[in-house]
Amino acid sequence: MRAGLLREMLIFKELREHQSETGFVVKEYEEVFRCRGYRRKMTLVVDKDGLSAMEQFIGKTIIFQVRAYPIIKDTQRVVYFNNIYEIKMIDPRTDGTLILTLSRIDT
């Protein structure tokens, strides 16, 4: 992957527990990592029956290609353009990159 393709900033957050001054335990998502990624184009799947119904999910699902970092886990959330996404799939490639399939969380 060429470094010039990595234009989009991704913020990875992980669920952490904090104890307040009063002793109450709060679980919050905290930023653990930032990296740049390349947003890949969604393609429709064509089978013997024609087009699949994948186009109805394009609005909530995006695919990114990032460099392979060991800190990236499927339990994290990703912030991209002030929208929160959960990681649905991590696909490691042989060239030292990861393909992340993200699904938007409605908040």
Side-chain angles (χ1 to χ4, degrees):
M1 172 187 352
R2 296 186 331 235
L5 292 176
L6 304 175
R7 296 185 185 131
E8 311 295 333
M9 180 59 72
L10 300 174
I11 302 169
F12 291 83
K13 293 187 173 190
E14 198 167 78
L15 190 62
R16 301 264 171 98
E17 290 184 354
H18 296 287
Q19 190 168 9
S20 68
E21 297 168 359
T22 61
F24 186 70
V25 177
V26 178
K27 293 182 181 180
E28 293 179 328
Y29 278 92
E30 281 188 355
E31 179 180 335
V32 291
F33 182 63
R34 285 180 183 237
C35 74
R36 293 194 172 270
Y38 167 65
R39 185 171 177 181
R40 297 181 67 171
K41 301 284 184 196
M42 293 288 288
T43 57
L44 297 176
V45 178
V46 179
D47 57 2
K48 64 179 180 169
D49 298 327
L51 291 176
S52 71
M54 194 173 156
E55 59 267 9
Q56 62 183 316
F57 301 110
I58 288 178
K60 290 192 172 203
T61 302
I62 57 175
I63 298 176
F64 274 97
Q65 185 172 5
V66 297
R67 289 196 172 97
Y69 295 103
I71 196 168
I72 297 175
K73 300 174 191 151
D74 58 354
T75 58
Q76 296 171 337
R77 291 192 174 173
V78 179
V79 178
Y80 172 66
F81 274 118
N82 295 325
N83 290 320
I84 301 172
Y85 295 87
E86 64 180 340
I87 299 175
K88 290 292 188 182
M89 185 174 66
I90 299 175
D91 184 19
R93 299 293 177 151
T94 57
D95 62 348
T97 62
L98 299 173
I99 304 295
L100 302 177
T101 303
L102 308 175
S103 179
R104 191 173 77 199
I105 299 172
D106 293 330
T107 54

Full working for side chain to side chain contact (heavy atoms under 4.5 Å, CB included) between Thr101 and Thr61: CA-CA 7 Å; Thr101 303; Thr61 302; 3.9 Å; yes

Spatial distance of atom OG1 (Thr97) from atom CG (Leu6) [nearest 0.5 Å]: 9.5 Å

Summary of ring pair (Phe, Tyr, Trp, His ring centres under 6.0 Å) pairs that have at least one residue in residues 12-33, sequence neighbours excluded: Phe12-Phe33, Phe33-Tyr69

Of all pairs that satisfy salt bridge (Lys or Arg N to Asp or Glu O under 4.0 Å), the ones with a partner from residues 70-83, not counting sequence neighbours: Glu14-Lys73

Parallel, tilted or perpendicular, as decided by the 30° and 60° cut-offs, for the rings of Phe64 and Tyr80: perpendicular

NZ/NE/NH1/NH2 to OD/OE distance under 4.0 Å, Glu31 and Lys13: no

4.5 Å side-chain heavy-atom contact, Val66 and Ile72: yes

Residues that Glu21 engages under salt bridge (Lys or Arg N to Asp or Glu O under 4.0 Å), provided they are two or more places apart: none

Check: Lys60 and Ile105 side chains under 4.5 Å, non-hydrogen atoms: no

Nearest-0.5 Å distance that lies between atom CD in Glu30 and atom CG in Leu15: 9.5 Å

Chi angles and distances behind the side chain to side chain contact (heavy atoms under 4.5 Å, CB included) call for Tyr85, Ile87: CA-CA 7 Å; Tyr85 295 87; Ile87 299 175; over 6 Å; no

Single-linkage hydrophobic cluster Ile71~Leu102, side-chain heavy atoms < 4.5 angstrom: yes

Nearest non-hydrogen partners of Ile90 and Pro92, listed with the distance: O-CD, 3.5 Å

Whether Gln76 side chain and Val32 backbone form a donor-acceptor pair below 3.5 Å: no

Exam field: side chain Arg36 to backbone Met9, donor-acceptor pair closer than 3.5 Å: no

Separation of Tyr38 OH from Leu10 CG (nearest 0.5 Å): 13.5 Å

Test log, rule side chain to side chain contact (heavy atoms under 4.5 Å, CB included), inputs Ile99 and Ile63: CA-CA 7 Å; Ile99 304 295; Ile63 298 176; 3.6 Å; yes

Donor-acceptor pair between Glu86 and Ser103 side chains, under 3.5 angstrom: no

Flag side-chain contact, heavy atom, 4.5 Å: Arg39 against Ile62: yes

